[in-house]
2 protein chains.
Amino acid sequence: MTETAEDLGGERKRGSGVRLVYEMLRDEILTLALPPGRPIDEVNLAERFGMSRTPIREALVRLAGEGLVETLPNRSAIVANIDFTKLYTFFDAITLMYRVTTRLAAEHHRPEDLEIIRAHQARYAATVAAQDPLAMIAVNRDFHAAIAEAGRNPYYTALTLRLLDEGRRILRLYYQSFNDRLPKEYSDEHEGIINAIAARDVELCDRLAREHADQIVRQIKQFFSRDMRQDVKL
Amino acid sequence: MTETAEDLGGERKRGSGVRLVYEMLRDEILTLALPPGRPIDEVNLAERFGMSRTPIREALVRLAGEGLVETLPNRSAIVANIDFTKLYTFFDAITLMYRVTTRLAAEHHRPEDLEIIRAHQARYAATVAAQDPLAMIAVNRDFHAAIAEAGRNPYYTALTLRLLDEGRRILRLYYQSFNDRLPKEYSDEHEGIINAIAARDVELCDRLAREHADQIVRQIKQFFSRDMRQDVKL
DNA sequence: TGCATTTTATTTGTCGACATAAATTCGGCG
DNA sequence: CGCCGAATTTATGTCGACAAATAAAATGCA
């Protein structure tokens, strides 16, 4: 799947190796290029990135801290599995975080925040028009992350980011099942949320964020319950 | 402060070193034995724990992932500072998490959860009676962590744990200002919460959790605003 | 042939050492 | 006397190698 020889050019600056590996692995995990459960071999990665195992391990430890890889003692680390039995807790949490962060964004956003949010939304619409699900999923995450940032509560932002990242993998599964054809309905909902934030209408933000979350959750629930039934058949 | 020669006995099992360092450092940070801003020297720790720098670094990376230490590139890591300008976001977040986790505990708890929660509360009362603020703070954290666990939403639990840990440092500062004399009022509030969970009364749990949080927040806010005023005077 | 046990092999956990970047000290110059 | 720059020092980032533990393979036995 992944090309063997990556050969990332020449000299890297001291300290940049870890971040490089971290970001690259993270992206491959979140796009499902590395599927859940796949073993992660340290020496393999060390060769691929042309560096020692030490920075590789540090990147893996950080990813493990975010719950993106699971490390079994004395055994290969693996890409974190998606626990479908806990999907409902995920939906519950992300719905609450959408509501809370959007509310706070309405209260605390500054002009420059809105610019950033609108820029993400423009990119989002472009990815939908281009039928590029991978980019769409990534930008959708950036959009809501920007809203959370505008809310200026780092604790909520941190949880929201974690949920959004986990959501990238779930959405990837979801859209793959449709051969990656994208509906564009979310685009309108995003516009409504932006306007509500700009108007500083806290209650409207709450309602729109909840509806936005409910809509996605409903679709994915439907999809996975279908999938569950098929699984049960064996 | 910290004894130089710790000399933790003899052989350790392969893989246990990291957890040992991680837990010990974590405890020292949360009890303020290591004050915010203090530099953390890797070789120093390596000598103290009688192991190489490698496991020390891994423990530090994990602690950095939880926001308990800050690592500056090519410079000493330091114990994470407490950002008092973001105290209000902390209060907001922990109030919400108290409410949400207690609500969920009312819905999803099982008999064994209640036993655990009650056991923590018993220990809590004991620490208050013994006027042991350090233990009291630690057990208070365990009490609310057990409630979060009973709510069975790992995302909420994770954020709650992070907030509770950060809260340990703040509470330590708070009680230090009173020469570590403890009021026992919280004990009764805890009992009320336990009863509401046992009765599966979601709305009552919400109200009691909010009041419990508000009460603590009010006191600490008062304390820190007093402190702020003094700071302004220079 | 099938199962248990030993042997091999692979991969992680840890170590000690070197390279490098920043902080500090020292020295020169204006 | 003070400031700027170079040398020194200190601590981190990275490396290659060894040891331990698990998985896989091979062997022996019933």
Side-chain angles (χ1 to χ4, degrees), chain A residues 2 4 6-26 29 34 37-65 67-81, chain B residues 2 4 6-26 28-29 34-35 37-65 67-81:
Chain A
T2 55
T4 46
E6 194 129 335
D7 195 17
L8 310 178
E11 317 301 288
R12 262 176 272 80
K13 265 177 246 149
R14 177 188 172 90
S16 73
V18 179
R19 195 170 49 241
L20 176 68
V21 177
Y22 168 79
E23 289 174 357
M24 202 156 280
L25 273 184
R26 173 192 177 80
I29 292 172
L34 292 177
R38 168 163 301 185
I40 303 176
D41 184 6
E42 293 179 4
V43 294
N44 191 5
L45 287 175
E47 290 171 10
R48 175 179 156 197
F49 286 98
M51 61 180 73
S52 158
R53 276 176 52 220
T54 307
I56 306 287
R57 271 182 77 83
E58 181 169 332
L60 289 179
V61 169
R62 284 173 56 179
L63 289 168
L68 293 180
V69 313
E70 299 170 8
T71 78
L72 312 177
N74 292 315
R75 202 128 8 121
S76 237
I78 62 171
V79 177
N81 286 300
Chain B
T2 55
T4 47
E6 194 127 340
D7 194 17
L8 309 179
E11 317 301 288
R12 259 176 275 84
K13 265 179 243 145
R14 177 189 172 90
S16 73
V18 180
R19 194 170 49 241
L20 175 68
V21 176
Y22 167 78
E23 290 174 356
M24 204 156 281
L25 274 184
R26 174 191 177 78
E28 291 180 358
I29 292 172
L34 292 178
R38 167 162 303 184
I40 303 176
D41 184 6
E42 294 178 3
V43 294
N44 191 3
L45 286 175
E47 290 171 10
R48 175 178 157 198
F49 285 99
M51 61 181 74
S52 160
R53 276 177 50 220
T54 307
I56 306 286
R57 271 182 77 84
E58 181 169 330
L60 288 179
V61 169
R62 283 173 57 181
L63 289 168
L68 292 181
V69 313
E70 300 170 7
T71 79
L72 312 177
N74 291 317
R75 202 130 5 122
S76 238
I78 62 171
V79 177
N81 286 301

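Atom set for the values below is all heavy atoms of this structure, side chains included, hydrogens, waters and symmetry mates excluded. Fair warning: this is a prediction, and the values are worked out from it, not measured in the lab. In the text below, chain A, chain B and the rest are named by the order of the sequence lines, each starting its count at 1.
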Whole angstrom is fine here: how far is it from [atom1] in [X] over to [atom2] in [N]?
X	N	atom1	atom2	answer
A/M51	C/dT20	CE	P	16 Å
A/R53	C/dT10	CZ	C1'	12 Å
A/L60	C/dT11	CG	P	15 Å
A/L72	C/dT10	CG	P	21 Å
A/I78	C/dT11	CD1	P	16 Å

Could you tell me whether the side chain of [Y] reaches within less than 4.5 Å of the side chain of [X], counting heavy atoms only?
X	Y	result
A/L60	A/T71	no
B/R38	B/E28	no
B/L45	B/L25	yes

Report task. Please tell me which of A/R14 and A/S52 maps to the more 5' nucleotide of DNA chain D, matching each residue to the nucleotide holding its nearest heavy atom. Result -> A/R14
Query raised in the report: Of A/G50 and A/N74, whose nearest nucleotide on DNA chain D comes first from the 5' end?
Result: A/G50
Report task. Could you tell me whether the side chain of A/E42 and the main chain of A/R57 form a donor-acceptor pair under 3.5 Å? Result -> no
Requested in this report: Examine distances only and state if a side-chain atom of A/E70 and a backbone atom of A/N81 form a donor-acceptor pair shorter than 3.5 Å.
Outcome: yes
Requested in this report: Classify the nucleic acid contact of A/I56 as base, sugar-phosphate or nothing, counting any heavy atom under 4.0 Å across all strands shown.
Outcome: nothing
Query raised in the report: Does A/S76 have a side-chain nitrogen or oxygen under 4.0 Å from the phosphate oxygens OP1 or OP2 of C/dT12?
Result: yes
Query raised in the report: Taking any atom under 4.0 angstrom from a heavy atom of chain A, which nucleotides of DNA chain D are the first and last to qualify, 5' to 3'?
Result: D/dT12 to D/dA23
Report task. Could you pull out the closest heavy-atom pair between A/L68 and A/R26, with the gap in Å? Result -> CD1-NH1, 3.8 Å
Query raised in the report: Side chain of B/R75: nearest nucleotide among C/dG13, C/dT14, C/dA23?
Result: C/dA23
